[in-house]
There are 2 protein chains.
Amino acid sequence: MTVTLADVAARARVSPATVSRVLNGNYPVAASTRERVLRAVDELDYVLNGPASSLAAATSDLVGVLVNDIADPFFGIMASAAQGAIGEGAAGRGGGEKLAVVCNTGGSPARELTYLTLLQRQRAAAVILMGGSLEDPEHLTATAAKLARLAEAGTRVVLCGRPPVPGDANTAALVFDNRTGARQLTEHLLGLGHRRIGYAAGPADRTTTRHRLEGHRAALTAAGVPEGPTVRGAYDRQAGYEATAELLARDPDLTAIVAANDTVALGVCAALRDRGLDIPGDVSVAGFDDLPFSVDAVPALTTVRLPLHGAGVRAGRLAMGTEEPSAGGPETVPAELVVRGSTGRPRG
Amino acid sequence: MTVTLADVAARARVSPATVSRVLNGNYPVAASTRERVLRAVDELDYVLNGPASSLAAATSDLVGVLVNDIADPFFGIMASAAQGAIGEGAAGRGGGEKLAVVCNTGGSPARELTYLTLLQRQRAAAVILMGGSLEDPEHLTATAAKLARLAEAGTRVVLCGRPPVPGDANTAALVFDNRTGARQLTEHLLGLGHRRIGYAAGPADRTTTRHRLEGHRAALTAAGVPEGPTVRGAYDRQAGYEATAELLARDPDLTAIVAANDTVALGVCAALRDRGLDIPGDVSVAGFDDLPFSVDAVPALTTVRLPLHGAGVRAGRLAMGTEEPSAGGPETVPAELVVRGSTGRPRG
DNA sequence: TCCTCGATGGAAAGCGCTTTCTATCGCAGA
DNA sequence: TCTGCGATAGAAAGCGCTTTCCATCGAGGA
């Protein structure tokens, strides 16, 4: 029925061992033999049995990329970059063809753990966790334990945009400098003269949410400006829309609103427009991430750029083992303020 | 070192066979025994060896979802929906925990084939191909052959947003009604009085591009209106930006531009704005897909809505086998015209 | 000319699980 | 009390590959 290694061996008049060696290319095989084997493979249209191979070799070519929301370009861009890096890495070396797959956790801790277990089952070669995580102690512990087991079993673990597990200095980690980015953004607003700034935050208990909020507050504190209203919501446009109403209700004299990210900012803009408020004339708006559509908003969004593509590539290479993690703990991915039309001086 | 089935069996004082049966739940095991086994599993923190299991059972729990561009929400939304459906399907049944993974082909035929092979290696339970495909005869043949082999090996194949392979009536297929959607869109423009309509098309040789263009032309032909300029480009914002310059150069009196999709439309809008043209006062703009950000464009984009989420869910269920494909060939997913502010009557 | 070593190829022992095929046990029917 | 059957559990044979020994064959070196 299905063609096996043995069939190929028989056709090429060699032993199964030789076929295996030709396919894996990690053992000297005479050129003529190799060619004969490859021809047989071709003629029989043979495809290696992955499970059998993984079982015998005790490794697999699967690389898992866990993301919080695959429908969000923030993750899409990083995942795409990582997948690209993993693909080209494979092309570079001889037989290391890796299957990079992305798994969508939907931000659910349970699904995250499930995927991690499934990946562990598959004896994945590497796992990349992208994006902030829930700050629930229980989940953190469970995740840390899972990652430790994975690492122990030989799976390379890479954290990308998620703080490193405390006490575990040896898994590669890329952390986004959300704090500094957020701080610069608020400083920019402060510099323009804003003193009443609302904040449309992301979901509670998420590292990304917390870090951005901390940066925001740090800027405020440093400038001696009192903190304005803050409301929390999901990382989507509707949350931004709703947050705006709430923010304005709490302080009708707001002159600026900082959003958890660009998507939320879009919702904020929509809400403002619907109330007949001008951006940035009446209220300035700022986002975060600098996703592709941000420049197309009207007015274009002031935001903080994160080198998502670059981070994804780096994560992919770390996962492939083609690049080594930096020696001194987690690497910081810098954030860069991008000023556009959605922020301006407050009226008055 | 690593815990195996045998270890669990020893601890629970049963045979490996029994442990396997408890884990797979497809054979009667006395409640007391089952409990003892489960406790042992828990105590030893046992995780099934996927490759071994797949090898012995000749099946795996992997479901591959191939998309053209994971950074594009068009695919992100569908993939997310499919993954959700596959996850919940697993929760519903007893042990059918499936690992839905998305693979990013980047629109490259070669990568598509590579992923298909890799999935075939893994003896994937199902494969979902999302989005239009390249219309190169050679690639079509190769893909069809690959899919046939997969199906033959027991992998369920689902096409979502891609035309069915000719001559293969038995793989499940969901086809988007791009033609009708595009036609309605252009009819809408025609109804508003537009007679000089430019078209910013997607990449050549792609089914999606062709179908949308055909619908557009059909509307034009039916109305006896001559076709305006058409330029092709990628499915991204920059392509739209550049296409606009070209379109306007070819016909400075254009009163409307139809874009291949919403992302391209955003680029068109940006280009128009940069030239000081009003939308829709000077030029009307229309997109396709109705991605989430379309409503946030200013003015909000007139577009054609495709039920991406629903299609993704359906594809996921077909892949799981929890829903049967419709009997009479491929299912058509309807497109719906959504009129918003970016289209209006031409001046004069 | 004999021996040693490098280059190749084969034999065979698993990798950890699933799944027949059997064996056992207890109880209902006769 | 004996037979038979349903319900469980175990034994053992692989699933298709990788990889560690070994065996073989020439070609130099002594």
Side-chain angles (χ1 to χ4, degrees), chain A residues 1-38 40-41 44-61 94-97 118 120-123 125 153-154, chain B residues 1-38 40-41 44-61 94-97 118 120-123 125 153-154:
Chain A
M1 174 65 206
T2 49
V3 182
T4 73
L5 230 210
D7 298 331
V8 175
R11 189 168 234 281
R13 320 200 119 272
V14 296
S15 74
T18 301
V19 177
S20 172
R21 301 204 258 244
V22 168
L23 263 23
N24 291 294
N26 47 16
Y27 191 89
V29 172
S32 63
T33 311
R34 172 199 313 287
E35 197 186 328
R36 199 142 37 88
V37 170
L38 291 178
V41 165
L44 295 176
D45 206 359
Y46 171 67
V47 173
L48 192 67
N49 182 317
S53 166
S54 298
L55 172 58
T59 64
S60 93
D61 49 12
E97 194 107 29
L118 254 18
Q120 185 182 0
R121 260 209 208 346
Q122 302 299 327
R123 304 300 189 251
Chain B
M1 175 65 206
T2 48
V3 182
T4 72
L5 230 211
D7 299 330
V8 175
R11 189 165 230 284
R13 319 200 121 271
V14 296
S15 74
T18 301
V19 177
S20 171
R21 300 204 259 244
V22 168
L23 262 24
N24 290 294
N26 47 15
Y27 190 87
V29 173
S32 64
T33 311
R34 173 197 314 287
E35 199 186 327
R36 199 142 37 86
V37 169
L38 290 179
V41 166
L44 295 176
D45 204 1
Y46 171 67
V47 174
L48 190 68
N49 181 316
S53 166
S54 297
L55 172 57
T59 64
S60 92
D61 50 12
E97 193 107 33
L118 254 19
Q120 183 182 0
R121 262 208 206 346
Q122 303 299 328
R123 304 300 189 250

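Keep in mind that this is a model prediction, so the values were computed, not measured. All values below were derived from every heavy atom in this structure, side-chain atoms included, with hydrogens, water molecules and symmetry-related copies excluded. So that the names make sense, note that chain A is the first sequence line, chain B the second, and so on, each numbered from 1.
Where Ala56(B) and Ala31(A) each meet DNA chain C at their nearest nucleotide, the meeting point lying more 5' is that of Ala31(A). Ranked by how close their nearest DNA chain D nucleotide is to the 5' end, Ala52(A) and Val29(B) are led by Val29(B).
By the 4.5 Å heavy-atom criterion applied to side chains, Pro16(B) and Val19(B) are not counted as neighbours.
Taken from CZ in Arg121(A) to OG in Ser60(B), the straight-line distance is 11.5 Å, to the nearest 0.5 Å. Rounding to the nearest 0.5 Å gives a distance of 9.5 Å between CG of Asn49(A) and CG of Leu55(A). Remark: Thr18(B) OG1 to Leu5(B) CG distance equals 10.0 Å, nearest 0.5 Å.
Bounding nucleotides for the chain B contact on DNA chain D, 5' to 3', at a heavy-atom distance below 4.0 Å, are dT8(D) to dG16(D).
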Report each atom pair, protein N/O against N/O of nucleotides 20-25 of chain C, whose distance is under 3.5 angstrom.
{"unit_1": "dT20(C)", "atom_1": "O4", "unit_2": "Arg21(B)", "atom_2": "NH1", "d": "3.2"}

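Atom pair Arg13(A):CZ and dG10(C):C1' shows a separation of 15 Å (rounding to whole Å applied).
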Distance-only check: which donor-acceptor pairs under 3.5 Å involve side-chain atoms of residues 28-38 of chain A, not counting sequence neighbours?
{"unit_1": "Arg34(A)", "atom_1": "NH2", "unit_2": "Val29(A)", "atom_2": "O", "d": "3.4"}
{"unit_1": "Arg36(A)", "atom_1": "NH1", "unit_2": "Ala12(A)", "atom_2": "O", "d": "2.5"}

Full working for side chain to side chain contact (heavy atoms under 4.5 Å, CB included) between Val41(A) and Val22(A): CA-CA 10 Å; Val41(A) 165; Val22(A) 168; over 6 Å; no
Chi angles and distances behind the side chain to side chain contact (heavy atoms under 4.5 Å, CB included) call for Gln122(A), Asp61(B): CA-CA 10 Å; Gln122(A) 302 299 327; Asp61(B) 50 12; 3.2 Å; yes
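Phosphate contact (OP1/OP2 of dG10(C), side-chain N/O of Thr18(A), threshold under 4.0 Å): present.
Across all strands, Val19(B) comes closer than 4.0 Å to no nucleic acid atom at all (heavy-atom distances). At a threshold of 4.0 angstrom between heavy atoms, the contacts of Thr33(B) are confined to the sugar-phosphate backbone, with no base atom among them.
Closest approach of Thr4(A) and Tyr46(A) over heavy atoms only: C-CE1, 3.6 Å.
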